[in-house]
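In what follows, chains are A, B, ... by sequence order, proteins preceding strands, each numbered from 1. Atom set for the values below is all heavy atoms of this structure, side chains included, hydrogens, waters and symmetry mates excluded.
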Protein chains: 2
Amino acid sequence: MKTIKHSRQRDAIYNFLCTRKDHPTADIVYNNILPEFPNISLGTVYRNLSLLTELGQIQKISCGDNSEHFDADISSHNHFYCRKCKAVIDLPMENIDFIETLASNSFGGKIESHKTYFVGICENCLNENM
Amino acid sequence: MKTIKHSRQRDAIYNFLCTRKDHPTADIVYNNILPEFPNISLGTVYRNLSLLTELGQIQKISCGDNSEHFDADISSHNHFYCRKCKAVIDLPMENIDFIETLASNSFGGKIESHKTYFVGICENCLNENM
DNA sequence: TATATAATAGTAATCGTTACTAATATTAAT
DNA sequence: ATTAATATTAGTAACGATTACTATTATATA
């Protein structure tokens, strides 16, 4: 059996993610951990982000902007992608997990989870146009 | 002003997409158009898929499997990603566009659209395990 | 038919991500 | 504590998806 050993780099990656609400990419995680681990390699960051995602400790957000974003908040919540400033932010709203039930009604497969993201212009970018 | 000129390649790409319900990637589109346009280049396929997406004639599906999928069906509908066979399929269900209203309630930005995809095991893969 | 210019083919380059390997860190057992 | 087993790392190379570049071709307009 393959066991998981503790790693200080993985802790640092996870802890950094916990401090951020803006869903950083692997590259951003890497650059922010460099001060503490000057020799950490980008591959280590990618490997641990994948591992943490598989373990369910973080989640991956794919919003079509050609790089994956990561979120240490694994509670069920939704995201918003601003097509102007490209930011990926949380969109606090009532829980919509019931759409999984709606989806199950006429579907023969097994639905395990869902991802929803909204697209538009964020509040900051709206205000800049005034 | 920049005008859009007609292109036989773009037509072929769009028409091919219309024949498919499985949301092919750029590479699959390319390989299926090769018989008709033996000299078409992959760049042309990518450029036109992007253009058609911008024009709203097709839609792009990002489901986190490191390549974009495309769909000529631009009506509001949802997708399912099978984490076993990696297929991206339609998931017919009642319309859930009202979640955009729910999202708007406590959000200061402008919501223009949303994307939802469900993840799990498709019917075919479920049956294979029996 | 001529002119303007958008689109293409072909290729090179870029970017995000993964794979490889020898060295290191962690864990469990002595 | 020491050792042994092995998971993890750093460093680098490789990969796949996508974009950029440029001379040529196709399309649209006059």
Side-chain angles (χ1 to χ4, degrees), chain A residues 1-17 22-55 57-71 81 83 86 88, chain B residues 1-17 22-55 57-71 81 83 86 88:
Chain A
M1 67 223 97
K2 182 165 64 176
T3 66
I4 290 182
K5 286 184 177 171
H6 190 252
S7 132
R8 289 178 303 124
Q9 288 88 336
R10 186 183 310 129
D11 285 348
I13 289 166
Y14 179 74
N15 289 334
F16 168 71
L17 259 193
D22 63 344
H23 320 102
T25 61
D27 193 61
I28 293 173
V29 172
Y30 170 71
N31 281 295
N32 278 275
I33 284 182
L34 267 184
E36 189 184 354
F37 290 87
N39 292 327
I40 198 170
S41 95
L42 197 47
T44 296
V45 173
Y46 274 102
R47 185 166 12 82
N48 280 298
L49 287 172
S50 292
L51 178 57
L52 290 167
T53 302
E54 281 166 27
L55 295 175
Q57 295 183 243
I58 65 174
Q59 66 168 316
K60 185 170 77 166
I61 305 166
S62 306
C63 58
D65 71 341
N66 77 29
S67 59
E68 304 292 351
H69 297 252
F70 295 90
D71 190 349
Y81 173 69
R83 62 178 176 75
K86 319 297 187 194
V88 178
Chain B
M1 66 224 104
K2 182 164 66 176
T3 66
I4 290 182
K5 285 184 178 171
H6 189 252
S7 132
R8 290 179 304 124
Q9 288 89 336
R10 181 157 58 239
D11 285 349
I13 290 166
Y14 178 74
N15 289 334
F16 168 71
L17 258 192
D22 63 345
H23 320 100
T25 61
D27 194 61
I28 293 173
V29 172
Y30 170 71
N31 281 296
N32 279 275
I33 283 181
L34 266 185
E36 188 184 354
F37 289 87
N39 292 328
I40 198 171
S41 96
L42 196 48
T44 296
V45 173
Y46 273 103
R47 186 166 12 83
N48 280 300
L49 287 172
S50 292
L51 179 57
L52 289 167
T53 302
E54 281 167 28
L55 294 176
Q57 295 183 244
I58 65 175
Q59 66 168 316
K60 186 170 78 166
I61 306 166
S62 308
C63 60
D65 70 342
N66 77 30
S67 58
E68 303 292 352
H69 297 254
F70 295 91
D71 190 350
Y81 174 69
R83 61 178 177 76
K86 319 296 187 195
V88 178

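A sub-4.0 Å separation between OP1 or OP2 of C:dT24 and a side-chain N or O of A:N39 is absent. The side chain of A:N66 contributes no N or O atom lying less than 4.0 Å from OP1 or OP2 of C:dT14. The phosphate of D:dA10 has OP1 or OP2 within less than 4.0 Å of a side-chain N or O from A:Q9. At D:dA26, none of the side-chain N or O atoms of B:S7 fall inside 4.0 Å of OP1 or OP2 (strictly under the cut-off). Dashed line: the shortest gap from a side-chain N or O of B:T44 to OP1 or OP2 of C:dA9 is under 4.0 Å.
Rounded to whole angstrom, the span from the NE2 atom of B:H6 across to the P atom of C:dT8 amounts to 10 Å. Counting to the nearest Å, the P atom of D:dT8 and the CD atom of A:E54 are 11 Å from each other. In this structure, the CG atom of B:D11 is 15 Å from the P atom of D:dA26, given to the nearest Å. In this structure, A:I40 atom CD1 and D:dT8 atom C1' are separated by 11 Å, rounded to whole Å. Nucleotide C:dA7 holds its P atom 18 Å from the CG atom of B:L42, rounded to whole Å. Distance, B:R10 CZ to D:dA28 P: 10 Å, rounded to whole Å. As a whole-Å value, the separation of B:H69 NE2 from D:dA17 P is 10 Å. Taking atom OH of residue B:Y30 and atom P of nucleotide C:dT11, one finds them 11 Å apart after rounding to whole Å.
Each of B:Y46 and B:R8 was matched to the nucleotide of DNA chain D holding its nearest heavy atom; the match closer to the 5' end belongs to B:Y46.
Side chain of B:K60 to backbone of A:G64: a donor-acceptor contact under 3.5 angstrom is found.
Between the base of C:dT5 and the side chain of B:K5 there is a donor-acceptor pair shorter than 3.5 Å.
Closest approach of B:Y81 to B:C63, counting heavy atoms only: CD1-SG, 3.8 Å. Heavy atoms only, all atoms of each residue included: A:F16 and A:V29 are closest at CE2-CA, 3.8 Å. Residues A:V45 and A:I13 approach most closely at CA-CD1, 3.8 Å, considering heavy atoms. Nearest heavy-atom pair, B:A12 versus B:E36, reported as atom, atom and distance to 0.1 Å: CB-OE1, 4.0 Å.
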